[in-house]
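So the structure is just underneath, and the comments pick up after that.
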Amino acid sequence: MVWAQKQVVAADIRSVALLFREQAAAFDRAQEMLLVSVDEDWPKVRLWVRVPEPDLLTPYYGFSLCTRADLPLAPTLVAGCPEQFGRVFQG
């Protein structure tokens with residue numbers, strides 16, 4: 001799995017989530033993809049996306065690769081499987 005992140009304006013979350021849901025429906029049979037967020041200085045939000053292959057990051061314009069160590073400690077699940085989110089961030 002590959003992680004990438006980007007700071008966005010809160011109003012942009014919906015379009016990123018829509019892209020994510022379309023990709024997940026097409027490429028994520030194992031339900032391992034995640035889209036998570038952390039609020040920053042209003043109206044900014046930082047998003048992290050987890051995809052199975054780097055090629056799937058192409059439509060996420062402006063997202064940059066990051067490592068597991070770069071992930072937040074207590075993000076909010078925007079889209080993806082809640083059980084997978086729990087495994088990655090809560091256990």
Side-chain angles (χ1 to χ4, degrees):
M1 298 304 281
V2 179
W3 285 97
Q5 60 83 31
K6 179 182 179 182
Q7 186 182 58
V8 301
V9 201
D12 292 342
I13 294 173
R14 184 175 174 172
S15 63
V16 176
L18 179 61
L19 166 63
F20 176 88
R21 286 184 180 102
E22 288 173 354
Q23 262 194 346
F27 301 108
D28 191 28
R29 300 289 179 230
Q31 295 186 330
E32 294 179 320
M33 290 175 60
L34 294 171
L35 179 63
V36 300
S37 71
V38 168
D39 290 340
E40 294 189 338
D41 291 331
W42 179 257
K44 303 287 184 170
V45 174
R46 185 154 309 268
L47 294 175
W48 285 264
V49 64
R50 180 185 188 204
V51 295
E53 300 192 20
D55 292 348
L56 294 177
L57 290 174
T58 302
Y60 295 93
Y61 180 76
F63 276 72
S64 57
L65 289 173
C66 63
T67 66
R68 177 81 169 100
D70 298 322
L71 298 179
L73 296 178
T76 299
L77 179 64
V78 176
C81 175
E83 291 81 15
Q84 184 66 22
F85 174 79
R87 283 191 289 274
V88 172
F89 289 102
Q90 297 167 348

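Computed from heavy atoms alone, side chains included, the values below leave out hydrogens, waters and symmetry copies. Everything quoted here is computed from the prediction, not taken from an experiment.
Arg50 and Gln84 make their closest contact through NH1-NE2, 2.7 Å (heavy atoms, listed as atom of the first residue, atom of the second, distance). Scanning both residues, Trp42 and Ala10, for their nearest heavy atoms gives CZ3-CB, 3.8 Å.
Hydrophobic cluster membership differs between Val36 and Val2, with clusters built from Ile, Leu, Val, Met, Phe, Trp and Tyr side chains linked at under 4.5 angstrom. Phe85 and Trp3 fall within a single hydrophobic cluster, where Ile, Leu, Val, Met, Phe, Trp and Tyr are joined by side-chain heavy atoms under 4.5 Å apart, directly or via other members.
Within the 4.5 Å cutoff, the side chain of Phe89 has heavy atoms near those of the Leu71 side chain.
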- [ ] Take Asp55 and Phe27, measure what side-chain contact (heavy atoms from CB on, under 4.5 Å) needs, and give me the verdict at the end.
- [x] CA-CA 11 Å; Asp55 292 348; Phe27 301 108; over 6 Å; no
Task: Derivation and outcome, side-chain contact (heavy atoms from CB on, under 4.5 Å), residues Val78 and Phe20 - done: CA-CA 10 Å; Val78 176; Phe20 176 88; over 6 Å; no
TODO: Output, in order, the C-alpha distance, side-chain angles, deciding distance and verdict of side-chain contact (heavy atoms from CB on, under 4.5 Å) for Leu65 and Leu57.
DONE: CA-CA 9 Å; Leu65 289 173; Leu57 290 174; 3.4 Å; yes
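Side-chain atoms of Asp70 and Thr67 include a donor-acceptor pair closer than 3.5 Å.
Of the possible donor and acceptor atoms, one in the side chain of Lys6 sits under 3.5 Å from a partner among the backbone N and O of Tyr61. For the pair Arg29 (side chain) and Ala25 (backbone), a donor-acceptor distance under 3.5 Å is present. Counting only distance, with no hydrogens or angles, the side chain of Gln23 and the backbone of Leu56 share a donor-acceptor pair below 3.5 Å.
Here the CE-CZ distance, from Met33 to Arg21, works out to 11.5 Å after rounding to the nearest 0.5 Å. With values rounded to the nearest 0.5 angstrom, Gln7 atom CD is found 5.0 Å from Lys44 atom NZ.
Partner Trp48 forms a side chain to side chain contact (heavy atoms under 4.5 Å, CB included) with one of Leu34, Leu35, Val38 and no other, that one being Val38.
Note that Arg46 lies outside the cation-pi zone of Phe63, set by a 6.0 Å cut-off to the ring centre and a 45° limit from the axis.
More than 12 heavy-atom neighbours from other residues, nucleotides or ligands sit within 6.0 angstrom of CZ on Arg68.
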